[in-house]
Amino acid sequence: MSDLSEPSTAQLPELTPRVIVLGLILSVVMGAANVYVGLKAGMTVSASIPAAVMAMLLFRLLFKKSSILEANQVQTCASAGESLAAGIIFTMPAMILIGHWQSFDFWTVTLVALTGGLLGILFMIPMRRVFVADNDDLPFPEGVACAAVLEAGEEGDHQHDAATSLLIGGALGAVFKITAGFMGLVNDTLQVARTTGERIFYFGGDLSPMLVAVGFIVRLNVAVLIFIGGSIGWLIGIPLMGGASQYDDPISGAWTIWSTEIRYVGVGAMVIGGIGSLIAVRRGLLSAVTELWHGLRGRRVTQDHGQRDIPSGLILVLGLGCTAMLGIVNFRFTDDIGVSVLSTIVMLAMGFFFTAVASYIVGLVGNSNSPVSGMTITAVLAAGGLLWLFNYSGTQGMVATLGIAAIVCCVACTSGDVCNDLKTGSLVGAAPFRQQTMQIAGVFVAAFVMAPVLTLLHNNTPGGIGGAQLSAPQASLFASLAKGFAGEGELPWSLIGLGAGIGVLILGIDELLKRNTKHRAHLMPIAVGMYLPFGLATPILIGGLIAWFCTQATRREEHDRVLHRGILFSSGVIAGEALTAVGLAGLAALGITALDLGLSPLAKNLISIVVAAGIIAAFAVMTKPKPTSASGASDG
């Protein structure tokens, strides 16, 4: 890896006009794609590595020559848009689900995205030294991997193969979405359910190469944990709930039991997961607070090129601007000055707190594995309880709680991404203040596309957001919690308590595994699996299994290199399917609706089975690592 003091990188071009233009374009593209991915899959994947590869490929294609620092700045900007999308889709659809909005309010969504994203960057800046520059204990797996990709690209390694993998993956994702979403040739889900007495037994899997790609990227351990969670909820929980005689159709019965009972067990487990995450990062949080305190007392910091941050005066001005925007956002939510002031104070305090939490977790397990849902659940519970103590209830209490959750979620998502990108930058010799500038630019541009994409998908997808195709699990969860605290709905506390008990049990199992094996039973993926529709867990498991088969013949240290080709292909699949889905929603808005070819259910099922087999075969071929000679292996 490059050293920060190396003159070779210090003299390279970094913030050029082409970097700014390409970075902003990719920020919008990645943001729009991840809106769809998150609403469907309940999780997003980091855009850093695919954005870095795309930047290098486009620079080589269009300009023949570019620097590693330029490519790094492009991926920094692009990943800011992706992380902002996660913060918005986990929370803003809840406003629709509680009935407060009939459509997405453009300016409110934009202000939430812009303010939350900027605060995530601004809060992270004084913590950079604690988590990035002066911390040897955090491995930053995704930040290091992205730096390795950039350095390999700088050396010209495998450029043609990388381009081929991305393009073929994108084509597969796009063709599938057109076939399924526009032509209607395949089913969204292959599922079957049977009743035995009062028990309903269900099994199913969504037909989506995007979900297989997500499983490949998160790898087998996380994929298995999600499947375990789904199995606890769907394969064990639903039969135990009984009541099959109440339903004419066992499939609809299984879905009803899950949506009205089982998912609240997942809620309880996710709450415990969020609390566990906070306990795990308590030392990092204390270090971050200490660092900020020293900064406020005027401690001088090194101002050399490799260590300079955005000037503190600009941070203060932007911070005051964000605080003013927070007040405007809260007043738009509640039309009450008192609750707006209280909500703004809570947002700022929780935002800083969860910046430290998110940064530490990203450094520990990577951006894709950061339990943002658990952090936001904790914020919802704290905000809801505080507003309840101040006697704010009803619609006013619900929207205030969800507003706080939205800002905190955007802050947590963006700050974790910022921390990851700053680590990559430190390894390749980038200037932190320039990265922070590109992150601010990426958030600013991406904030303005969140509401239009949400509106397109909600108005032009069967069932809208919250329906079967775009279940928006986190937003549904937060809507239920907000209703419960505001006295607008009765939460099934017994089921939530059962989930909390399961969560504590899983934490104990994980502690035993951590001491005795290399495997882990991380609670949050299991809890998410319990809360998600089971159809998502099956293709994610398949993707994780494919990644596992790819690495069986290699040492653990070689896994990142072996999976590199498959990760690029998977990233292409995700982008292709997600962007095509957004495009199809746009066509529907123009009156160009999906085709009806009049296929019988049997014909669609047969075609769907063939397509599912074809998707798995395509992944098996395109993710298989190409053999490398010993002499060609890189030791970087």
Side-chain angles (χ1 to χ4, degrees), residues 39-42 96-97 179-181 183-208 211 226-267 458 461-473 475-477 479-480 489-490 492 494-495 498-499 528-542 593-613:
L39 290 173
K40 183 174 179 66
I96 297 281
L97 299 177
T179 302
M183 301 177 68
L185 290 175
V186 298
N187 294 315
D188 295 319
T189 303
L190 288 172
Q191 56 187 346
V192 62
R194 295 287 184 269
T195 59
T196 301
E198 285 293 304
R199 314 293 183 190
I200 298 178
F201 296 91
Y202 172 95
F203 194 85
D206 281 10
L207 262 176
S208 171
L211 295 174
I226 292 171
F227 189 81
I228 289 173
S231 299
I232 292 172
W234 287 79
L235 306 186
I236 299 174
I238 288 178
L240 288 177
M241 290 294 177
S245 60
Q246 302 176 38
Y247 308 102
D248 296 329
D249 177 26
I251 289 179
S252 65
W255 280 88
T256 301
I257 294 171
W258 167 78
S259 63
T260 59
E261 299 182 70
I262 294 298
R263 67 175 183 156
Y264 289 102
V265 180
V267 169
H458 182 58
T461 302
I465 294 176
Q469 293 190 25
L470 298 174
S471 59
S476 299
L477 164 63
S480 299
E490 185 66 33
S494 60
L495 293 173
L498 174 62
V528 168
M530 295 166 65
Y531 191 80
L532 288 173
F534 186 70
L536 278 68
T538 306
I540 289 173
L541 176 64
I542 291 172
T593 57
L595 301 177
D596 183 4
L597 301 180
L599 293 176
S600 67
L602 177 60
K604 286 186 69 171
N605 283 335
L606 291 174
I607 294 173
S608 299
I609 293 171
V610 172
V611 169

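- Looking at residues two or more places apart in sequence or on another chain, you find no side-chain hydrogen bond (donor to acceptor under 3.5 Å, both in side chains) involving Asp249.
- Val611 approaches Val186 most closely through the heavy-atom pair CG2-CG1, 3.5 Å.
- Shown here are the side-chain hydrogen bond (donor to acceptor under 3.5 Å, both in side chains) partners of Thr189, two or more places apart in sequence or in another chain: Asp206.
- The CD1 atom of Ile607 sits 9.5 Å away from atom CG of Asn187, with the distance rounded to the nearest 0.5 Å.
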_CA sep, side-chain torsions, deciding dist, call: Ile200, Ile257, side-chain contact (heavy atoms from CB on, under 4.5 Å)_ = CA-CA 10 Å; Ile200 298 178; Ile257 294 171; 4.0 Å; yes
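- Listed by chain and residue number, nothing satisfies the side-chain hydrogen bond (donor to acceptor under 3.5 Å, both in side chains) test with Glu261 (two or more places apart in sequence, or in another chain).
- Across all their heavy atoms, Leu97 and Ala479 have their closest contact at CB-CB, 4.1 Å.
- Scored by the side-chain hydrogen bond (donor to acceptor under 3.5 Å, both in side chains) test, Trp258 finds no partners at all (sequence neighbours excluded).
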Under 3.5 Å, sequence neighbours excluded: what are the donor-acceptor pairs made by side chains of residues 235-248?
unit_1	atom_1	unit_2	atom_2	d
Ser245	OG	Glu198	OE1	3.2
Ser245	OG	Glu198	OE2	3.0

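- Scanning all heavy atoms of the two residues, the minimum distance from Ala193 to Pro250 falls at O-CG, 3.6 Å.
- Qualifying ring pair (Phe, Tyr, Trp, His ring centres under 6.0 Å) partners for Phe227, counting only residues two or more places apart in sequence or in other chains: Phe534.
- Ring-plane geometry between Tyr202 and Trp234 is classed as tilted, the angle between the planes lying from 30 to 60 degrees on a 0 to 90 degree scale.
- Taking every heavy atom of both residues into account, Leu190 and Asn605 meet most closely at CD2-OD1, 4.3 Å.
- Side-chain contact between Pro533 and Trp255 is present, with heavy atoms from C-beta onward closer than 4.5 Å.
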_Evaluate Ile226 against Leu541 for side-chain contact (heavy atoms from CB on, under 4.5 Å), listing each step before the verdict._
CA-CA 8 Å; Ile226 292 171; Leu541 176 64; over 6 Å; no
